[in-house]
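Lettering of chains follows the sequences in order, A, B, ..., and the numbering in each one begins at 1.
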Amino acid sequence: MPPPLPPSLPPHLRRRRFSTAPASHHPPSAARAAEQNCLRLLVRSSTPAAVLQSLAFLLKSGLHSNPLVLTRLFASTASAAPALLEPLVAALLGPSVPIDAFLVNTLIRAHATSPLHSARLRAAAFFPLMLRSAVVPNKFTFPFLLKACAALPGSPGVGLQAHAAALKFGFATDQYVSNTLIHMYSCFGGGFLGDARNVFDRMPKSSAVTWSAMIGGYVRGGLSSDAVGLFREMQASGVRPDEVTVLGVLAAAADLGALELARWVGRFVEREAVGKSVTLCNALIDALAKCGDVDGAVAVFQGMEERTVVSWTSVIDALAMEGRGKEAVGLFEEMKTVGVPPDDVAFIGVLTACSHAGMVDEGRGYFDSMKMEYSIEPKIEHYGCMIDMLGRAGMVEQAMEFVRTMPMKPNPIIWRTLVAACRAHGRLELGENITRNLLNEYPAHEANYVMLSNVYALTQRWKEKSEIRREMSKRGIKKVPGCSVVELDGEVHEFIAGDESHLQWKKIYMMVQEMASELRRIGHISATSEVLLDLDEEDKEGALQWHSEKLAIAFALLRTPPGTQVRVVKNLRVCLDCHAAIKCISQVYNREIVVRDRSRFHRFKNGSCSCNDFW
DNA sequence: CCAATGTTTC
């Protein structure tokens, strides 16, 4: 890379450069020469200082209303000096500047991809400016614009207008535009997945990109099984998946905990040579780990020729989820040794590992080293890890102290972490106070009601508990139902607490009862079950009120050969009673039972759990 | 001169 050219060039250098320009009818005028020079300068501007230098030259040459030069300036600024973008736009984009489509497109893209939130908010606003200036959008405009709207999921109205405009200007059937529409709508979440699907259904499905966009949309919307279903359709239709398709399927597998699917994708990648990029291996590590195959994940990691900080972080997270803190810390150290500097996400990984393994001193050390050794300012997530770590270890006061002294406003996640610590260590009054405050501030958050209700249950205050229930139904707030998933022969079976929709319900029901009597026989007393089974009083039939993981385990015991491993994925955290019961079940039925809950893996074997009751 | 899908996070 040659150094950036100085703002004014020696004459011989100018001549030499311009002599390579294609011959034209008119010899390059002085203005054109300055323009070319400035463009060259801008292309090479990769630091804020270089951008400013180019800007100085631009102003000196009187090019501040030249659209071609401004386009290049804004593009370079966006990538090399994000903070300068907005002031430059404000200073240079006046009524005297002639605007063309290229310039507006560049402005939309530069703002939409900016690391600064304030810039992203403004991206879509350049489109109305374009229309006001009577500039006609071209085929590049809408992909940029729609992508900008996708980054604002909070205001789907802007996206809807953009879609309408694309229709009006006749670009809505362009496949680039359609693919981006699918992406945009799926980013809006909720009911907009249907709009995404509408666009998808109207398209000729010849491109892997279209399928990948829709598959990714389903995953983003939490409909991972639909994503997998769509992938099957894609294969049936004969379109060859590309790397991004596979990334989507891996994300779905990770979400569902579908181990067979994740492994299948691993083999598929080998077989079809989709391209085993670093990114794909990273996704494979993550998916295998989230499906309970840590060793498989580690094997993929070890087989990689090139590893990025994401690869290291993925494998550290994999071990952290299993409570294998020592190994996770070992890998973190190795990463530093081989010269990959940890980023903020990697620190979250190692701190989580310390937290789940009870390694408080190590965790403190890493937290301090963030700032001291790597100049990474801890974010709220890192404070969250520390509070979780101290709380789990029973150091509730120190955790409180962390909340008090941290430099940002605690969010609900922080408070809930603290409440969980209070609950686990008998600080019920403190927990109750925090929860009440939280409920006052966020009366629409379902989790806060459940938390308070649980605190009441622990202190046997049934009246208050049912009052909370009434309050919830009065406000129309629903509890997220506990849901457990078992993958069997490539199919995903879903169980919801108290659900009887599953085909084999009767058999499962009987199995649950048999399990219960077996447990009683060996002396498991579900003394705490009445307390912790978080049931709706309105549910009348006690027999239906089993937690979903028990239903799932009963199903798996029925349907799999003796001695095979049982794997369950749960959307919430395993409750104390289920945890105790599953320990016994693993012994009575002589099965290894692997449960992935919201925060980590539990491997039950011979009556004990890999978490050592520390979770 | 500019366009689509995507990996790690309390």
With a 4.0 Å cut-off, would you call A:E441 and A:K409 a salt bridge?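 Result for this pair is yes, salt bridge flagged.
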
Partners passing side chain to side chain contact (heavy atoms under 4.5 Å, CB included) against [X] (at least two apart in sequence or in another chain):
X      : answer
A:R202 : A:N198
A:H183 : A:A150, A:C187, A:R220
A:V300 : A:C281, A:L284, A:I285, A:L288
A:L181 : A:L146, A:H163, A:V177, A:M184, A:Y185, A:V199

By side-chain hydrogen bond (donor to acceptor under 3.5 Å, both in side chains) - contacts of [X] (at least two apart):
X      : answer
A:R416 : A:H445, A:N448
A:S224 : A:D255
A:E377 : A:K371
A:S212 : A:T245

Tell me what A:R109 touches on the nucleic acid: a base, only sugar-phosphate, or nothing, going by heavy atoms under 4.0 Å.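 Sugar-phosphate: the residue A:R109, judged by heavy atoms under 4.0 Å, touches backbone atoms but no base.
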
Reckon A:I316 touches a base, only the sugar-phosphate, or nothing at all at heavy-atom distances under 4.0 Å?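 Touches nothing.
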
I want to check a possible cation-pi pair here: A:K205 against A:F200, using under 6.0 Å from ring centre and within 45° of the ring axis as the test.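 That pair qualifies as a cation-pi contact.
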
[X] has a side chain; which of [options] sits nearest to it?
X      : options             : result
A:A283 : B:dT7, B:dT5, B:dA3 : B:dT7
A:A213 : B:dA3, B:dG6, B:dT5 : B:dT5
A:P143 : B:dA3, B:dC1, B:dG6 : B:dA3
A:V209 : B:dT5, B:dC1, B:dG6 : B:dT5

Atom [atom1] of [X] and atom [atom2] of [N]: how far apart are they, to the nearest Å?
X      : N     : atom1 : atom2 : answer
A:L247 : B:dA4 : CG    : P     : 17 Å
A:R197 : B:dT5 : CZ    : C1'   : 16 Å
A:D255 : B:dG6 : CG    : P     : 15 Å
A:Q36  : B:dC1 : CD    : P     : 14 Å
A:M130 : B:dC2 : CE    : P     : 16 Å
A:K205 : B:dT5 : NZ    : P     : 18 Å
A:M184 : B:dA3 : CE    : C1'   : 15 Å
A:F200 : B:dT5 : CZ    : C1'   : 12 Å

At a cut-off of 3.5 Å, list every protein nitrogen or oxygen paired with a nitrogen or oxygen from nucleotides 8-10 of chain B, distance to 0.1 Å.
from	atom 1	to	atom 2	distance (Å)
B:dT9	OP1	A:K290	NZ	3.2

Let's see if you get this right: which residues in residues 162-180 of chain A place a heavy atom under 4.0 Å from DNA chain B?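 Within this stretch, A:D174, A:Y176, A:N179, A:T180 sit under 4.0 Å of the strand.
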
I need the residues from residues 122-129 of chain A with at least one non-hydrogen atom less than 4.0 Å from DNA chain B; give them sorted by number, or say none.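 Correct list: empty, so none.
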
ring-ring contact (aromatic ring centres under 6.0 Å, His included) against A:F332, all qualifying residues, sequence neighbours excluded: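 If we apply the ring-ring contact (aromatic ring centres under 6.0 Å, His included) test to A:F332, skipping adjacent residues, the hits are A:F347, A:Y366.
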
Report yes or no: do A:S311 and A:N282 form a side-chain donor-acceptor pair below 3.5 Å?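 The answer is yes; a qualifying pair exists.
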
